[in-house]
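Just so you know, these numbers come straight off a predicted model, no measurement behind them.
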Amino acid sequence: MFSTALKELPPCGEAVGMVLEENDPGPGISVLLPGHPRLANDESDQVFHTGAILAIIDNTAGWCIRDHPDYVEGTSMATLDLRVDFLRRISLTQTLRVRAECEAINDNVAFVRATAEDAESGLVVAAGLATFMLGTPSGLEPKIGPV
């Protein structure tokens, strides 16, 4: 379930039309992504582009870390590793559901498991594992040391 701090979508999620699924009873978080032509692999086949699925899994996986009890509010993060296995294609007439759960935070690394599925049938489209570095610099100014 979503904590109050998770009500705002990440910028990428907003840009592609991601919607919070607040009533999902499972652990972690769940988001929906309705199909749209801008998410197409190409005009002829009308399926979700694997890059779009990958980006939403990455965003949802990073976002769910904020719901873990060991997460310290305001801690920045960056994706260290993301492995996604694509099992089947999904038509843009369907809605994609991405579920992600932060399984552990050890020191400054978070471990997340995620799936993308057809929201109607529940068929898994992609499965992913990700690790995130916590406490990464997030300032806009580059930090350049002595030469």
Side-chain angles (χ1 to χ4, degrees), residues 1-138 140 142:
M1 289 302 247
F2 290 108
S3 69
T4 307
L6 293 172
K7 298 292 182 183
E8 288 185 32
L9 289 168
C12 175
E14 251 180 65
V16 297
M18 206 163 76
V19 178
L20 299 174
E21 189 175 28
E22 296 184 59
N23 297 324
D24 185 53
I29 66 168
S30 179
V31 298
L32 297 172
L33 181 63
H36 190 280
R38 71 178 174 269
L39 303 172
N41 190 40
D42 67 46
E43 293 177 13
S44 65
D45 66 9
Q46 293 299 297
V47 296
F48 276 86
H49 192 290
T50 54
I53 296 171
L54 181 86
I56 295 307
I57 288 175
D58 185 34
N59 260 256
T60 306
W63 196 26
C64 82
I65 295 167
R66 291 169 172 81
D67 201 36
H68 192 277
D70 294 338
Y71 175 74
V72 176
E73 188 63 40
T75 301
S76 59
M77 66 187 75
T79 308
L80 282 175
D81 185 46
L82 175 61
R83 177 193 167 97
V84 176
D85 294 317
F86 294 94
L87 309 175
R88 59 184 49 85
R89 296 160 45 125
I90 180 171
S91 168
L92 289 174
T93 62
Q94 302 301 110
T95 296
L96 188 70
R97 173 183 290 118
V98 176
R99 291 189 166 114
E101 180 181 7
C102 181
E103 297 193 341
I105 295 178
N106 286 333
D107 298 321
N108 58 351
V109 178
F111 301 88
V112 178
R113 193 175 293 274
T115 58
E117 63 187 39
D118 178 330
E120 186 178 315
S121 70
L123 278 173
V124 176
V125 173
L129 294 171
T131 54
F132 292 82
M133 176 67 70
L134 302 178
T136 58
S138 61
L140 298 176

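Of all heavy-atom pairs spanning Ala130 and Ala61, the tightest one is CB-CB, 4.4 Å. Nearest heavy atom pair, residue Thr50 against residue Phe86, reads O-CZ, 3.6 Å. Heavy atoms only, all atoms of each residue included: Ala110 and Ile105 are closest at CB-CG1, 4.0 Å.
Within 6.0 Å of atom CG in Asp107, 12 or fewer heavy atoms from other residues, nucleotides or ligands are found, so the atom counts as exposed in its surroundings.
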Side-chain donor-acceptor pairs under 3.5 Å in residues 116-124, sequence neighbours left out?
residue: Glu117; atom: OE1; partner: Arg99; partner atom: NH1; Å: 3.2
residue: Glu117; atom: OE2; partner: Arg97; partner atom: NH1; Å: 3.0
residue: Glu117; atom: OE2; partner: Arg99; partner atom: NH1; Å: 2.9
residue: Asp118; atom: OD1; partner: Gln94; partner atom: NE2; Å: 3.3
residue: Asp118; atom: OD1; partner: Glu120; partner atom: N; Å: 2.8
residue: Asp118; atom: OD1; partner: Ser121; partner atom: N; Å: 3.3
residue: Asp118; atom: OD2; partner: Gln94; partner atom: NE2; Å: 3.1
residue: Ser121; atom: OG; partner: Leu123; partner atom: N; Å: 3.2

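Interatomic distance, Ser30 OG to Glu101 CD, rounded to the nearest 0.5 Å: 12.0 Å. The line from CG of Leu96 to NE2 of His36 is 15.0 Å long, rounded to the nearest 0.5 Å. Distance check, rounded to the nearest 0.5 Å: CD1 of Ile57 to CG of Leu129 gives 10.5 Å. Atom CD1 of Ile56 and atom CG of Leu32 lie 11.5 Å apart (nearest 0.5 Å). For the atom pair OH (Tyr71) and CZ (Arg66), the distance works out to 4.5 Å, reported to the nearest 0.5 Å. One finds the CG atom of Asn106 at 11.5 Å from the OG1 atom of Thr131 (value rounded to the nearest 0.5 Å).
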Requested in this report: Take Ile65 and Leu134 through the side chain to side chain contact (heavy atoms under 4.5 Å, CB included) test and state the conclusion after the steps.
Outcome: CA-CA 10 Å; Ile65 295 167; Leu134 302 178; 4.2 Å; yes
Query - Evaluation steps, side chain to side chain contact (heavy atoms under 4.5 Å, CB included), between Val125 and Phe48 - result: CA-CA 10 Å; Val125 173; Phe48 276 86; over 6 Å; no
Query raised in the report: Can you check side chain to side chain contact (heavy atoms under 4.5 Å, CB included) on Met18 and Val98, steps first, answer last?
Result: CA-CA 10 Å; Met18 206 163 76; Val98 176; over 6 Å; no
Query - Candidate pair Glu21 and Val31, rule side chain to side chain contact (heavy atoms under 4.5 Å, CB included), full reasoning - result: CA-CA 5 Å; Glu21 189 175 28; Val31 298; 6.0 Å; no
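Side-chain N or O atoms of Asp58 include none that pairs as donor or acceptor with a backbone N or O of Leu54 at under 3.5 Å.
Considering only residues two or more places apart in sequence or on other chains, Asp81 meets the salt bridge (Lys or Arg N to Asp or Glu O under 4.0 Å) condition with none of them. In this structure, the side-chain hydrogen bond (donor to acceptor under 3.5 Å, both in side chains) partners of Asp45, at least two apart in sequence or on a different chain, are Asn41, Arg89.
Inter-residue side-chain proximity for Ile90 and Ile53 is flagged as met; some heavy-atom pair is nearer than 4.5 Å.
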